[in-house]
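First the structure, in the form of structure tokens, and then the observations on it.
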Amino acid sequence: LGGGGGAPRVVWPKASRPVGPAAVPLPLNAHAISAATKMRSTRYVGRVDVPPLAPPVCGDGCSVAQLVAHYSVANTIIATFTNERQMHFTDNWVAAWREVNGGAGPAAGLLVACMNVQPGQRAYAAFAGRLRAQGVGVYTANSDEVRRQPQGGRWFHVLPLLRTGVRLLLSDSDAVWLRDPLPYLRALEAAHPRMDFAVSSDAQTGTDSRRLGAAVSGAGGASAPSGRGAHSGRRRRRRHAARPAVAEGAATDGGGGDLGDLGDLDVEEFGACWGSMNIGVLAFAPGPEPGVGRLGAMRLMEEAMAHLSEEGNLGRVDQGPLNYRWKHGAKGWRWARQLHAVRDASGPRLCGLVNGSVVGGVLPSAQFCNTLTHGVLQLWRPLHVAPFVLHATWMRQQGEHFKVARLREARVWHDPPFWYGHGGGGGGGGG
């Protein structure tokens, strides 16, 4: 902490100083300093480990462009949307991402947009302080659309992020990251340079199980990341030995074999484009240069906003833009070119959308999982791959308590160690 009189401020060593227009060290107020040293959760499950020195804060006074410039790493942002009811899921989302990236030091590249809250609200101030102390960017996302229907309204706040030209990985807050997907996504971009975005799906089966390494080689790029190596994104074992991580089961075949040895999967073949896409995970390729948005990605959001602005659509399922407008059109009209296959070096695997102006891909269901494909069907196991994410959907009930229960069953809900049967009682049966 440096500076003379007035509020203390963070002074960064040159080698670790953030870059970008919002990189000037910002003041840390007493609340942020207190949060960085105390950090005890009351409403939320478990405990958050806070780095000894949080990075400078760009908060509610910053524009989206300033937030992106301040928090992005290698022109990449990992973002989620939340509200007051979902904040405990967002705590878990942040904790999981930190763990797959080593667990020490500030979180890097994370942005959390909070809907239907005001900076002065007590719950939001505590939540934002807790996450900012870990290096996470937090800001409010309020609009008439969000007020009327948060699930669909959040679409109206994605376009400002895409206009900055960053690589944007957008996921629901009830998704839990099991491996770092960024090396994989960069390999997808190398294999499919025409692809504007990739999306998870509700598929319950795999398709042709093509390996990404073959696709990258066909495109003339560098080899794709496999299950081995420093950038494999393999999940760290949790600090509490009493809690075996879910990826232990996903990293071995029961006989000690490494499920990542054969390499990760490519996007699904074109037939999956006809199935139900799920916005649990949306990965947007970066623009042609920092500060310049990718035209196909921005066109998607413009069409999503137009669809949800039509009478009655905002209150319907928020996946309508993906599975209806992007593919076919809207009520009373159709695109001249509806959903069609797009060919590249890997063959006709990609999805042609929005009258042929956008190219997408469907992420492999065996690695971008829901509770059904991960824990019940275990699509990853026969394909010898390790999952990247577990999204708390496709359960008997969609209630929040049910989601937490299923994530606890998978051992990916961040609880104190005693929850799993060790360290002083308290339920759970892990051994």
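In what follows, residues are counted from 1 in the order of the sequence shown. Quick note: numbers below take in every heavy atom, side chains included, and nothing from hydrogens, waters or symmetry partners. Computed from a predicted structure; not experimentally measured.
Residue S201 holds its OG atom at 8.5 Å from CE of M277, rounded to the nearest 0.5 Å. Atom-to-atom distance recorded for S365:OG and H374:NE2 is 13.0 Å, nearest 0.5 angstrom. A distance of 11.0 Å separates CG of N323 from SG of C273, quoted to the nearest 0.5 Å. The CZ atom of R334 lies 13.0 Å from the CG atom of N355; values are rounded to the nearest 0.5 Å. Put simply, CD on Q86 and SG on C114 are 11.5 Å apart, with the number rounded to the nearest 0.5 Å. Rounding to the nearest 0.5 Å gives a distance of 14.0 Å between CZ of R411 and CG of L390.
Across all non-hydrogen atoms, the minimal contact from V166 to S72 is CG1-CB, 4.4 Å. Pairing each heavy atom of E268 with each of T205, the nearest pair is OE2-O, 4.5 Å. Residues V354 and L300 come closest through the heavy atom pair CG2-CD2, 4.0 Å. Minimum heavy-atom separation, S173 to T80: N-OG1, 3.1 Å. Considering all non-hydrogen atoms of both residues, L379 and P382 come closest at O-CD, 3.5 Å. In terms of heavy atoms, D172 sits closest to W93 at O-CD1, 3.6 Å.
Aromatic rings from F368 and W380 are positioned such that their centres are separated by 6.0 Å or more.
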| salt bridge (Lys or Arg N to Asp or Glu O under 4.0 Å) evaluation trace for E400 with K403 | CA-CA 5 Å; E400 293 175 21; K403 290 174 181 278; over 6 Å; no
| task | Check the pair L110 / Y71 against side chain to side chain contact (heavy atoms under 4.5 Å, CB included), numbers first and verdict last. | result | CA-CA 7 Å; L110 300 189; Y71 289 103; over 6 Å; no
| Audit row: N83, Y124, side chain to side chain donor-acceptor pair (under 3.5 Å) steps and yes/no | CA-CA 9 Å; N83 57 26; Y124 171 73; over 6 Å; no
| Yes or no on side chain to side chain donor-acceptor pair (under 3.5 Å) for H192 and D266, after CA distance, side-chain angles and deciding distance? | CA-CA 10 Å; H192 307 288; D266 196 2; 2.8 Å; yes
| request: Check step by step if side chain to side chain contact (heavy atoms under 4.5 Å, CB included) holds for I78 and L182. | output: CA-CA 10 Å; I78 305 95; L182 297 180; 4.2 Å; yes
| Stepwise side chain to side chain contact (heavy atoms under 4.5 Å, CB included) test for N116 and E84 | CA-CA 8 Å; N116 287 330; E84 191 170 349; over 6 Å; no
| query | Can you list the steps and then say if Y324 with H307 is a side chain to side chain contact (heavy atoms under 4.5 Å, CB included)? | reply | CA-CA 9 Å; Y324 192 61; H307 186 80; 3.8 Å; yes
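For the pair H401 and V404, the minimum side-chain heavy-atom distance is 4.5 Å or more. You'll find the side chain of L169 reaches within 4.5 Å of the side chain of V281, heavy atoms only. Residues L168 and V158 are in side-chain contact: their nearest non-hydrogen atoms beyond the backbone lie under 4.5 Å apart. Proximity of C351 to V362: side-chain heavy atoms (C-beta onward) are separated by under 4.5 Å at one or more points. Residues D91 and F127 have side chains in contact (heavy-atom distance under 4.5 Å, counting atoms from C-beta outward). Side chains of V267 and L350 form a contact here, defined as non-hydrogen atoms less than 4.5 Å apart. No side-chain heavy atom of E303 sits less than 4.5 Å from a side-chain heavy atom of P321. Residues F284 and R294 fail the side-chain proximity criterion, which asks for heavy atoms closer than 4.5 Å.
When atom types are taken as modelled, the side chain of D196 and the backbone of V359 share a donor-acceptor pair closer than 3.5 angstrom. Proximity of a side-chain donor or acceptor of R210 to a complementary backbone N or O of E269 within less than 3.5 Å is not detected. Under the 3.5 Å distance criterion, the side-chain polar atoms of R381 are left unmatched by any main-chain donor or acceptor of Q378. The backbone N or O of R130 lies less than 3.5 Å from a partner atom in the side chain of Q134, making a donor-acceptor pair. Counting only distance, with no hydrogens or angles, the side chain of N278 and the backbone of G280 share a donor-acceptor pair below 3.5 Å. Here the side chain of T90 pairs no donor or acceptor atom with the backbone of H88 at under 3.5 angstrom.
In this pair, Y184 and F388 present their aromatic rings tilted. The plane angle is within the 30 to 60° band.
Qualifying salt bridge (charged side-chain N to carboxylate O under 4.0 Å, His left out) partners for E310, counting only residues two or more places apart in sequence or in other chains: R325. The ring pair (Phe, Tyr, Trp, His ring centres under 6.0 Å) check on W326 picks up W155, F197, with sequence neighbours excluded.
Salt-bridge annotation for E189 and R186: absent, with no side-chain N of the basic residue lying under 4.0 Å from a carboxylate O of the acidic one.
Cation-pi geometry between R349 and F270 is not satisfied (NZ or CZ under 6.0 Å from the ring centre, within 45° of the ring normal).
Residues H414 and E99 bring a donor and an acceptor atom of their side chains to less than 3.5 Å of each other. Side chain to side chain, S200 and H391 fail the donor-acceptor criterion of an N or O pair below 3.5 Å. Side-chain atoms of D264 and Q367 include a donor-acceptor pair closer than 3.5 Å.
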